[in-house]
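Below is one structure, written out as structure tokens; comments come after it.
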Amino acid sequence: MKFIRNILDTIKPHVQKGEKFQAFHSMYDAADTLFFTPDIVTTSGSHIRDGVDMKRSMFIVVIAMIPALLFGMWNSGNMHYTSMGETVTMMEAFMYGFWQVLPIIIVSYVVGLGIEIMFAQGRGHEVNEGFFVSGMLIPLIVPVSTPLWMVAVAVAFAVVFGKEVFGGTGMNIVNPALLTRAVLFFAYPSAMSGDKVWIAEKADAFSGATPLAELTAGSEAGISHLEMIVGNYAGSIGETSIIALAIGAFILLVTGVGNWKLMFSFFIGGLVMGGILHGIADSFPDNTYLQLCPWEHLLIGGFAFGGVFMITDPVTAAQTETGKWIYGFLAGFIAILVRVLNPAYPEGVMLAILFMNVFAPTIDFYVVESNVKKRLKRAKLSA
Amino acid sequence: MAEEKEPMFSPKNIKLLTNPINVDNPITKQVLGICSALAVTVKLEPAIVMSLSVLVVLSFGNVIISFMRNGIPSRIRIIVQLVVIAALVILVDQVLKAYAYNVSKQLSVFVGLIITNCIIMGRFEAFAMTNKPWPAFLDGLGNAFGYAWILVAVAFFRELFGTGSLMGLQIIPDSFYEIGYVNNGLVLLPPMALFAVATIIWVQRSRNKDLVED
């Protein structure tokens with residue numbers, strides 16, 4: 001640590017205002033606050049609730065994603081070799097996936113942080129830490145074969161129009177990582193859906209369709225419950241494994257970084273909609289998607305990932321306590337609705353959460369209004 | 001009648017022509033005519049034809065209304081304005097059908113909908129009703145150009161990145177596609193026109209702080 005401090009201290013004088021390298025001040029500042037807790041304290045009275053600052057709490061989210069990431073790497077390799085009909089050791093599969101996934105992570109961070117630093121420098125802000133999380137979420141929610149330039153285009157668009165135009169981290173209306181995926185999804189549908197994209201360098205004979213696509217097409221999901229939980233099937237890199245996501249959820253909940261109400265209500269919403277649709281399944285025997293048990297809905301596709309990492313984004317979720325219940329519930333509810341009833345979209349989690357992101361302020365507004373009314377009534381009664 | 005004859009291109013008149021192109025742009029500042037900016041900007045050619053149509057209707061409409069301005073009872077002025085616009089739009093529509101049938105088909109209903117284009121009504125009400133024909137003509141021209149350049153800019157961007165061509169001619173070479181370039185499907189969807197217009201507004205307002213409203 002002393003070593004890093006020394007390096008930073010030698011750089012510091014050169015990046016101050018008016019010095020030769022002042023254009024890099026934001027970059028320096030980002031590195032400094034990343035390694036060391038800033039020594040700036042509030043000058044007037046402050047309300048301390050927690051000693052952890054934003055960079056530290058963001059890192060907990062990144063740590064919570066690591067199990068899903070590691071599993072995703074292994075699964076990418078595993079699916080690749082399975083499609084070729086080869087059996088390889090765990091390590092070989094992992095290394096193959098590692099080299100597939102690593103470039104996506106690098107592109108996501110370089111492009112996203114590059115734009116953030118540019119804007120921060122231009123506005124004279126310090127670099128915000130929001131993108132540490134988004135930059136890691138993005139690789140987890142795209143297919144492993146996504147071309148890197150597409151990732152770069154989508155990240156750039158999402159960071160500029162989803163975040164910077166609103167004023168940067170904490171001001172965004174929609175989740176930048178999900179927006180990145182939505183941009184990819186609508187801009188390059190051929191790279192984001194179908195049966196070719198989910199497995200890297202797949203053998204042609206092997207069907208690479210996701211279970212959700214199979215269900216939409218009217219056949220069975222084609223995977224066992226064990227596979228659903230372990231996650232060794234085709235899908236976006238980090239979304240498949242329930243076990244890895246459960247570890248992530250555990251870390252988020254124990255540290256208090258993720259809100260349990262949001263998570264819980266999201267899964268309840270999914271169960272309820274799944275239950276309703278399952279209830280009418282007998283009337284539509286052709287639709288295999290309807291036959292799926294409500295709880296199976298929670299295990300396949302991106303539902304669990306959305307429920308652990310996307311719905312809990314504190315910036316875009318509803319802020320009021322009652323609002324959180326409504327927000328989470330409706331997101332889960334709509335996700336399953338889109339998934340089952342819209343044949344164009346085998347997965348609805350992304351669209352549902354983005355949709356609810358937009359409505360979160362409205363939910364908060366009405367929760368606050370009704371609270372005000374309730375209290376006014378009470379005030380009148382006592383008066 | 002004319003006590004003080006104003007020169008035809010006095011600074012004031014020049015301003016009528018140039019202001020709407022930049023600081024008082026009908027789309028980015030007055031926020032009128034957004035609907036057609038979304039609808040006809042998927043390709044460059046319809047956008048240009050649309051711009052020309054609006055140019056004709058707006059400038060001549062402004063002149064006609066300005067000539068009639070003292071004779072129009074104010075209670076029925078909207079109807080009179082509509083009749084003028086409708087007559088001009090029908091003329092334009094017929095000309096397009098006769099000489100540019102394909103584009104006319106692409107624009108389909110949007111030529112007819114020029115009648116409801118807020119810019120035209122807006123300029124009639126705000127300018128032509130209270131000004132002499134020559135300034136009214138310049139105002140019409142200026143606003144039409146302001147509308148046109150936004151439309152063409154948005155259409156240029158959308159056609160280039162959405163289909164890889166301009167005016168129907170392929171611009172992005174095949175070798176690009178061979179190494180994995182794919183056209184951006186999102187650009188062809190209407191929301192992207194909003195993003196493009198928003199970006200123009202963003203750039204314009206960050207260059208000219210006077211335009212920023214609180």
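We name chains A, B, ... by the order of the sequence lines, and we start the count at 1 in each one.
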Neighbour count above 12 (heavy atom, 6.0 Å) for [X] [atom1]:
| X | atom1 | result |
| --- | --- | --- |
| B:Phe176 | CZ | no |
| A:Tyr109 | OH | yes |
| A:Trp99 | CH2 | no |

Honestly, the part of B:Tyr181 sitting under 4.5 Å from a heavy atom of chain A is both

Proximity breakdown for B:Val187 and chain A, heavy-atom pairs closer than 4.5 Å:
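No part of B:Val187 comes within 4.5 Å of chain A.
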
Here the gap from A:Phe186 atom CZ to B:Leu188 atom CG, rounded to the nearest 0.5 Å, amounts to 13.5 Å

If one checks every heavy atom of A:Phe185 against chain B at 4.5 Å, the contacting part turns out to be neither

All heavy atoms of A:Phe161 vs all of B:Thr199, minimum pair found to be CZ-OG1, 3.3 Å

TODO: With the side chain counted from C-beta on, respond yes when B:Leu186 and A:Tyr188 share a heavy-atom pair under 4.5 Å apart, and no when they do not.
DONE: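 No, their side chains stay 4.5 Å or more apart.
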
task = Classify the ring geometry between A:Phe119 and B:Trp202 as parallel (under 30°), tilted (30 to 60°) or perpendicular (over 60°).
result = parallel

